[in-house]
A.B. asks: 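The following block contains the structure, expressed as structure tokens.
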Protein chains: 2
Amino acid sequence: MSESKNKFNKDMPSARRNQASGATLIDVAKVAGVSPITVSRALNRPDQVSEKAREKVRRAVEQVGYIPNMLAGGLASRQSKLVAIFVPTIAHPIFAEMVQALMDELSRAGYQAILGLTGYQKETEETLFNTILGRRPDGIVLTGTQHSELMRRRLIASGIPVVEAWDLCDDPIDMLVGFSHEQVGREVARHLYAKGYRRFAVVTAEDARGMRRYHALLDELHHLGIDDVPTAFIPPPSSLNAGREKVCELLDAGHRPEVVVCSSDTVAQGVLAEAASRGWTVPKDLAVMGFGELSNASQVYPSLSSVRLDGDRVGGQIAQALLERFKNPDAEIAPLRIDTGFTIVDREST
Amino acid sequence: MSESKNKFNKDMPSARRNQASGATLIDVAKVAGVSPITVSRALNRPDQVSEKAREKVRRAVEQVGYIPNMLAGGLASRQSKLVAIFVPTIAHPIFAEMVQALMDELSRAGYQAILGLTGYQKETEETLFNTILGRRPDGIVLTGTQHSELMRRRLIASGIPVVEAWDLCDDPIDMLVGFSHEQVGREVARHLYAKGYRRFAVVTAEDARGMRRYHALLDELHHLGIDDVPTAFIPPPSSLNAGREKVCELLDAGHRPEVVVCSSDTVAQGVLAEAASRGWTVPKDLAVMGFGELSNASQVYPSLSSVRLDGDRVGGQIAQALLERFKNPDAEIAPLRIDTGFTIVDREST
DNA sequence: CTGTTAGCGCGTTCAT
DNA sequence: ATGAACGCGCTAACAG
């Protein structure tokens with residue numbers, strides 16, 4: 001640690017100049033006694049190199065501790081082997097799960113992920129976007145389908161493969177992996193109706209997606225002959241306590257539903273708490289339907305039914321779509337659209 | 001979408017050649033009517049460029065939609081502006097929180113993070129490590145202090161700033177941010193003793209860190225004159241149910257503790273569940289101490305005390321240590337060692 | 001199957 | 001305050 005200055009002479013061996021364990025392709029080539037390009041090929045296209053050469057290279061790599069510089073590689077090949085993933089936050093289990101699954105899948109194909117956290121206001125969405133695009137990702141994963149026009153245009157113009165996740169919409173930028181909120185609403189309605197429930201109530205947050213589920217639910221219930229659905233709306237941010245208060249209001253107003261459909265598991269937990277404090281048994285006295293990640297609430301409240309989005313599954317499908325596209329970039333026609341579906345986890349029957 | 005082939009002539013404008021929104025520094029320079037290097041400086045060292053030039057550049061950037069290529073920039077400057085973060089998983093809230101805080105802090109300083117998920121066996125730790133080092137990160141964050149000798153040596157040799165997080169140990173690679181498990185054990189003992197508890201029991205997972213807390217707890221209790229501490233060990237993986245079963249065994253064996261100390265909140269929830277099913281009030285009939293993220297268990301079980309690690313705080317301190325080092329690389333003496341501490345969240349008193 | 005040549009897009013020198 | 005030349009480490013294209 002004596003030579004503090006970083007001034008390096010051009011005539012010192014490159015092993016001395018380069019930081020991370022030093023060695024470059026050229027060093028490896030020298031040791032192996034082949035040309036640099038042969039080393040490159042031995043590493044990236046082994047089939048184009050003789051077994052003998054490969055072996056020499058392998059040993060040389062080992063000996064000098066060579067780690068390919070992907071900045072240089074990416075620059076030259078125009079392939080960063082990077083996929084940008086934009087999510088609001090990873091502190092929410094459902095996104096964490098998706099990201100985890102996605103990264104795992106990508107890594108086995110030799111790709112790495114770079115995360116863009118859009119939830120923080122500190123950086124504008126555009127700034128974040130630019131910084132990340134500066135890494136020249138080979139693919140981009142977006143959460144949701146509502147982005148600024150500018151972003152959409154730039155993305156389309158860039159020609160980079162894009163996957164929009166979680167939602168299904170009509171005019172995707174490129175590829176789409178998600179589920180239909182309308183379908184969730186309808187299926188929940190049918191599911192509960194089929195189980196025999198007739199007196200419904202709803203406690204829902206007022207966000208766009210929750211409302212889409214809600215309206216589809218109402219619509220389907222209407223078709224089933226049910227029109228009176230007492231509803232309490234929660235202004236954002238929704239919370240366990242808000243759920244509890246709102247269901248209280250409904251009950252205090254004299255409503256006696258057999259089942260309460262909630263816009264999220266958090267809200268549902270509030271309802272469960274209220275039920276417990278009234279000494280009601282779930283689902284006998286009151287059934288509760290949640291929506292979302294469930295997390296460990298499922299262990300705490302075995303009686304909570306819920307619509308579960310499977311982050312693993314979504315992540316896997318995104319990866320699949322992306323990797324497919326990398327392999328076969330010509331499939332420009334008919335934007336891919338994958339419906340991962342969702343699962344109604346019925347805790348009552350188990 | 002008509003010209004499908006990617007063959008590009010050298011004489012076509014570079015805007016056509018380059019993928020992501022196309023423009024290069026040279027394009028900007030042409031439009032702005034200055035030399036490329038002036039553009040570079042206007043963007044990276046604004047103070048070295050006249051206001052007039054800056055304005056011209058700014059407009060040209062806007063016009064052509066220029067996004068700097070950080071692969072090229074990193075290669076030339078030997079600064080990737082990337083920080084590698086290794087964590088077992090981000091599906092666990094406590095790591096997610098840390099990563100989120102860390103990324104946020106780094107991004108305001110112009111750095112981005114690249115994640116290495118060590119929890120998956122599919123890739124060996126070494127492979128993961130090499131792939132990520134290929135991006136030439138300017139800094140590295142490691143979780144825990146137990147790494148292979150090879151990794152340690154390579155890391156030290158590389159000269160890249162390293163922060164080890166979560167644990168405190170005696171021979172850090174470089175910088176260290178964490179807390180002492182021993183200290184947690186001791187403080188929990190003192191805390192509970194001070195509250196008047198005398199009959200202790202422990203339900204702990206058999207992992208290394210949990211055992212370190214456990215032994216420190218026993219040791220401190222011993223100093224306080226308490227030597228009989230019935231303990232149940234949970235072989236990995238620990239779970240809510242395991243916690244419940246184990247505490248059952250203790251109780252069935254005739255032990256009547258006033259307080260049960262658990263190795264994690266998950267285990268603690270199992271204990272709470274068992275207490276509930278016996279009709280016991282927490283903490284009156286039985287107090288419970290957890291450890292970890294708490295997550296929404298705190299809302300479900302307001303009576304659960306816990307030792308809380310603050311992911312935000314840890315993430316923030318890591319960022320601070322790293323950024324400090326980037327600014328002042330000469331501080332090679334005396335490895336930094338930050339104890340972020342922890343908080344005993346006492347739900348009983350609120 | 002292997003080597004040669006010529007950049008990828010940018011920042012670092014050293015000039016002016 | 002601005003510019004010219006050169007090189008970062010690697011790979012694409014074209015030879016041989």
Side-chain angles (χ1 to χ4, degrees), chain A residues 6-30 32-57 64 66-81 134-136, chain B residues 6-11 14-15 17-30 32-57 64 66-81 133-136:
Chain A
N6 245 349
K7 287 189 179 179
F8 45 82
N9 298 321
K10 324 213 152 163
D11 33 60
M12 70 165 79
S14 67
R16 205 82 197 82
R17 277 179 280 144
N18 191 12
Q19 277 237 342
S21 92
T24 77
L25 200 67
I26 297 186
D27 297 322
V28 177
K30 279 182 196 148
V34 296
S35 84
I37 186 65
T38 298
V39 176
S40 171
R41 283 199 273 248
L43 265 27
N44 303 320
R45 292 159 153 71
D47 49 308
Q48 294 187 12
V49 170
S50 70
E51 171 55 30
K52 234 179 70 182
R54 261 182 290 171
E55 186 50 33
K56 283 195 290 190
V57 169
V64 303
Y66 172 65
I67 297 178
N69 184 330
M70 304 199 66
L71 274 63
L75 182 58
S77 69
R78 294 164 170 290
Q79 285 210 45
S80 61
K81 290 284 182 183
R135 303 286 174 186
R136 297 297 185 266
Chain B
N6 247 348
K7 290 189 178 179
F8 45 81
N9 298 320
K10 326 212 151 168
D11 32 61
S14 68
R17 278 179 280 142
N18 189 13
Q19 276 237 346
S21 93
T24 78
L25 201 65
I26 297 186
D27 298 322
V28 177
K30 279 182 195 150
V34 295
S35 86
I37 185 59
T38 299
V39 177
S40 171
R41 282 200 274 249
L43 264 28
N44 303 321
R45 293 160 155 69
D47 49 308
Q48 293 187 12
V49 169
S50 69
E51 170 56 30
K52 233 179 71 183
R54 260 182 290 170
E55 185 50 31
K56 283 194 290 189
V57 169
V64 303
Y66 172 66
I67 298 177
N69 184 331
M70 305 199 65
L71 273 62
L75 182 59
S77 68
R78 293 162 170 291
Q79 286 208 37
S80 61
K81 289 286 181 181
L133 251 52
R135 305 285 174 186
R136 297 297 185 266

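The structure presented is a predicted model; accordingly, all values stated were derived computationally and were not measured. In what follows, every chain begins at residue 1, and chains take the letters A, B, ... in the order their sequences are listed. All values below were derived from every heavy atom in this structure, side-chain atoms included, with hydrogens, water molecules and symmetry-related copies excluded.
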A.B. asks: Are any side-chain N or O atoms of B:Arg136 and backbone N or O atoms of B:Leu133, one a donor and one an acceptor, separated by less than 3.5 Å?
C.D. replies: yes

A.B. asks: So, OP1 or OP2 of D:dG3: does either fall under 4.0 Å of a side-chain N or O from B:Thr38?
C.D. replies: yes

A.B. asks: Output the rounded distance in Å from CG (B:Asp47) to P (D:dA1).
C.D. replies: 9 Å

A.B. asks: Run the salt-bridge test on B:Glu51 and B:Arg54 with the 4.0 Å N-O cut-off and return the result as yes or no.
C.D. replies: yes

A.B. asks: In whole Å, what is the span from the CD1 atom of B:Ile26 to the P atom of C:dC10?
C.D. replies: 8 Å

A.B. asks: Please test A:Asn69 against A:Thr24 for side chain to side chain contact (heavy atoms under 4.5 Å, CB included), starting from the C-alpha separation and ending with a verdict.
C.D. replies: CA-CA 8 Å; A:Asn69 184 330; A:Thr24 77; over 6 Å; no

A.B. asks: Could you tell me the separation between the NZ atom of B:Lys56 and the P atom of D:dA1, rounded to a whole number of Å?
C.D. replies: 15 Å

A.B. asks: Within the pair A:Arg78 and D:dA12, is there a side-chain N or O less than 4.0 Å away from OP1 or OP2?
C.D. replies: no

A.B. asks: For A:Gln79 and for B:Ala53, find the nucleotide of DNA chain D with the closest heavy atom, then tell me which residue's nucleotide is more 5'.
C.D. replies: B:Ala53

A.B. asks: What is the distance, to the nearest angstrom, from the NZ atom on A:Lys81 to the C1' atom on D:dC10?
C.D. replies: 15 Å

A.B. asks: Looking only at non-hydrogen atoms, find the nearest pair between B:Arg135 and A:Lys81 and report the distance.
C.D. replies: NH2-O, 2.9 Å

A.B. asks: Report the nucleotide, chosen from C:dG11, C:dG3, D:dA4, that has the shortest atom-to-atom distance to any side-chain atom of B:Leu25.
C.D. replies: C:dG11

A.B. asks: Taking CG from B:Leu71 and C1' from D:dG9, how many angstroms apart are they, rounded to a whole number?
C.D. replies: 12 Å

A.B. asks: Quick check for you: to the nearest 0.5 Å, what is the distance between B:Ser35 atom OG and B:Leu25 atom CG?
C.D. replies: 9.0 Å

A.B. asks: Mind checking whether A:Val49 and A:Arg45 have side chains closer than 4.5 Å, heavy atoms only?
C.D. replies: no

A.B. asks: Closer than 4.0 Å, any side-chain N/O of B:Ser77 to the OP1 or OP2 of D:dC8?
C.D. replies: no

A.B. asks: Ignoring the backbone of A:Arg45, work out which of D:dC10, D:dA12, C:dG11 is nearest its side chain.
C.D. replies: D:dA12

A.B. asks: Considering just the side-chain nitrogens and oxygens of A:Ser35, establish if one lies under 4.0 Å of OP1 or OP2 belonging to C:dG3.
C.D. replies: yes

A.B. asks: Taking N and O atoms by type only, does the side chain of A:Arg41 place a donor or acceptor under 3.5 Å from a partner on the base of C:dG3?
C.D. replies: yes

A.B. asks: Checking all strands, does A:Gln48 fall into the base, sugar-phosphate, or nothing category for heavy-atom contacts under 4.0 angstrom?
C.D. replies: base

A.B. asks: What's the shortest heavy-atom distance between A:Asp27 and A:Gly22, and which atoms?
C.D. replies: OD2-O, 4.2 Å

A.B. asks: At 4.0 Å (heavy atoms only), tell me whether B:Leu75 reaches a base, stays on the sugar-phosphate, or touches nothing.
C.D. replies: base

A.B. asks: Of the options D:dG3, D:dG9, D:dC8, whose atoms approach the side-chain atoms of B:Ile37 most closely?
C.D. replies: D:dG3

A.B. asks: Between D:dT11, C:dG11, C:dC10, which nucleotide gets closest to the side-chain atoms of B:Asn44?
C.D. replies: C:dG11

A.B. asks: Under 4.0 Å between any heavy atoms, over every strand shown, what does A:Arg54 touch: base, sugar-phosphate, or nothing? Just pick one.
C.D. replies: nothing

A.B. asks: Using Watson-Crick and G-U wobble pairs whose two distances are both under 3.5 Å, how do you write the pairing of DNA chain D as dot-bracket, with | for links to another strand?
C.D. replies: |||||||||||.||||

A.B. asks: If you take all heavy atoms of B:Ala29 and B:Val39, which pair is closest and at what distance?
C.D. replies: CA-CG2, 3.7 Å

